[in-house]
Amino acid sequence: MTVVHPISRAWLTKGATGAQNYDEFADDAEITAIISANPHSALAVEMPHLAPESVGKSFTDSLPDAVARLGLERAEGNYVPAEQVVVLYRITAPGEPTAYGLWSMVDTDQISASADEAGLVIRNEEVFIEKVRERVALAGALGTLLSPVLLLQTAKGDELHAALAAATESAGEPAATDLDQSGRTHAIWPVGPGPLQDELTALAGGGELVVADGNHRSLAAQTGRLPRFLAVVTTPGSVAIQPYNRLVGELPLPVEELLRRLDARGATVQELPRPAGIPAQGGTVEIYLGGRTFALGLPTDPNLPTVENLDHALVERVLLGDVLGLDPGDKRISYIGGDYPAAWLRGEVDAGHAELAVLIAPVTVDDFVKVNLERQKLPRKSTWFTPKARGGLVLSELD
């Protein structure tokens, strides 16, 4: 039996509702601006408190607005219903490999977050519990899931990739397409009951599924006691890992004290005569503050598991925790995904919007796989997979 299933009652976009997922932004104001430019964006439902007419309300107080907006989108025909379908997914862009995925439902009881938990779905990052609570509340109010968990098929990825490529090639015109902020075209095709659906769900569920994006959404499914969650099952050949950096809005100590503490903690510190950039490989982290760039070699501990010595873990434990005294959930820390380049991060510091930028080499695919096979958890916001599954294209109405 496969752990991947058709969507009992799906709602497919007609093309106007696609959106970046709610957690892909460096600043809430970006979300408000996107909704202002496109009121049909699924972000208006996912983040109702940031819609222009709701700004100032709390997330909880805005939930009735989310319900009303989704109801209106359905009533106006921006979504059309379909039953017992999986949905083919293709993402294309000039100069990039074609990415494939399968929209479907996955059994929640298969989620494993540690070595002593059985299950074929491996969740691999620490999470912020407040974000989980918001996702649970939204699903409960809407009775609908709008954003998928992106799952990487590790055992039959090549077979699934070939099957999805062949299926989309022969599927004709897509049911809908959507152009994202990076110029990628997202296309979908529903597949009803039959041999093709059976083949695709068997391949998609044919081995361990690693959460590439959507750790909060998968935990929300568990917390909300949902039997299944909405997912896009993709393949290793469809994704890459980009940097995931940090901004610190306000430093709790002067620059020279920061450097002194780094030295006392055993870090190597070298000032560089150039603007800060993303390190070419792991082992060195670059920081930018006050117009100055420093390369840091943060101390590792050979007695700890591999995951605890990855750059993202060292930044969280040594730089942010030991040196700056900040908890990972501190509101002064912003987690900035790979869509924002080094120049943008430096610009935020130069403009006074932040006091410190931390630039970290991306986690390698080998390290990502190794950590997951060991059933260890990556630090929060360590992997920025691209391309990302777009929210608001395929919805799942909850039974």
Side-chain angles (χ1 to χ4, degrees), residues 1-18 42 70-71 73-92 98-108 110 120-121 139 142-153 156-178 185-207 209 214 217 221 226-235 238 389-399:
M1 284 184 61
T2 180
V3 302
V4 177
H5 308 278
I7 305 169
S8 297
R9 184 167 177 80
W11 291 85
L12 310 182
T13 185
K14 294 293 287 182
T17 61
L70 181 57
E73 294 297 328
R74 286 170 170 162
E76 291 182 346
N78 290 322
Y79 290 104
V80 294
E83 296 191 355
Q84 297 299 326
V85 295
V86 295
V87 181
L88 299 171
Y89 190 22
R90 185 186 68 196
I91 306 173
T92 54
T98 301
Y100 297 99
L102 187 72
W103 295 80
S104 52
M105 301 298 287
V106 176
D107 292 328
T108 303
Q110 288 295 314
L120 292 175
V121 178
L142 297 175
T144 301
L145 301 176
L146 285 85
S147 288
V149 177
L150 186 64
L151 298 175
L152 193 63
Q153 171 54 251
K156 294 190 175 182
D158 291 344
E159 294 173 71
L160 177 61
H161 194 97
L164 291 172
T168 56
E169 182 67 25
S170 61
E173 289 297 313
T177 60
D178 185 80
T185 299
H186 300 244
I188 59 172
W189 297 259
V191 176
L196 178 59
Q197 185 184 100
D198 294 342
E199 176 193 2
L200 294 175
T201 54
L203 287 173
L209 297 161
R217 279 158 269 171
L226 302 181
R228 293 174 181 171
F229 60 89
L230 180 64
V232 166
V233 181
T234 190
T235 70
S238 293
R390 195 144 165 87
L393 300 183
V394 178
L395 315 185
S396 173
E397 186 173 334
L398 301 175
D399 293 334

Under 3.5 Å donor-acceptor, Q197 side chain and G192 backbone: yes
Polar side-chain atom of Q84 near backbone of P193 as donor-acceptor pair, under 3.5 Å: no
Pair T177-R90, side-chain donor/acceptor within less than 3.5 Å: no
Steps toward side chain to side chain contact (heavy atoms under 4.5 Å, CB included) verdict (V233, L209): CA-CA 8 Å; V233 181; L209 297 161; 3.7 Å; yes
Closest heavy-atom pair and its distance - L70, L142: CD2-CD2, 4.1 Å
Parallel, tilted or perpendicular, as decided by the 30° and 60° cut-offs, for the rings of Y100 and H161: perpendicular
Heavy-atom pair of closest approach, residues Y89 and H186: OH-ND1, 2.6 Å
Verdict with supporting geometry, L145 and L398, side chain to side chain contact (heavy atoms under 4.5 Å, CB included): CA-CA 7 Å; L145 301 176; L398 301 175; 3.9 Å; yes
Heavy-atom closest contact (P148 atom, R217 atom, distance): O-NH1, 2.7 Å
Check against side chain to side chain contact (heavy atoms under 4.5 Å, CB included), L164 and L88: CA-CA 7 Å; L164 291 172; L88 299 171; 3.8 Å; yes
Contact summary for V86 and H5, nearest pair of heavy atoms: CG1-O, 4.2 Å
Minimal non-hydrogen separation, V106 against A231, with atom names: CG2-CB, 3.8 Å
Neighbour count above 12 (heavy atom, 6.0 Å) for D198 CG: yes
Test side chain to side chain donor-acceptor pair (under 3.5 Å) applied to T17 and Y79, step by step: CA-CA 8 Å; T17 61; Y79 290 104; 3.2 Å; yes
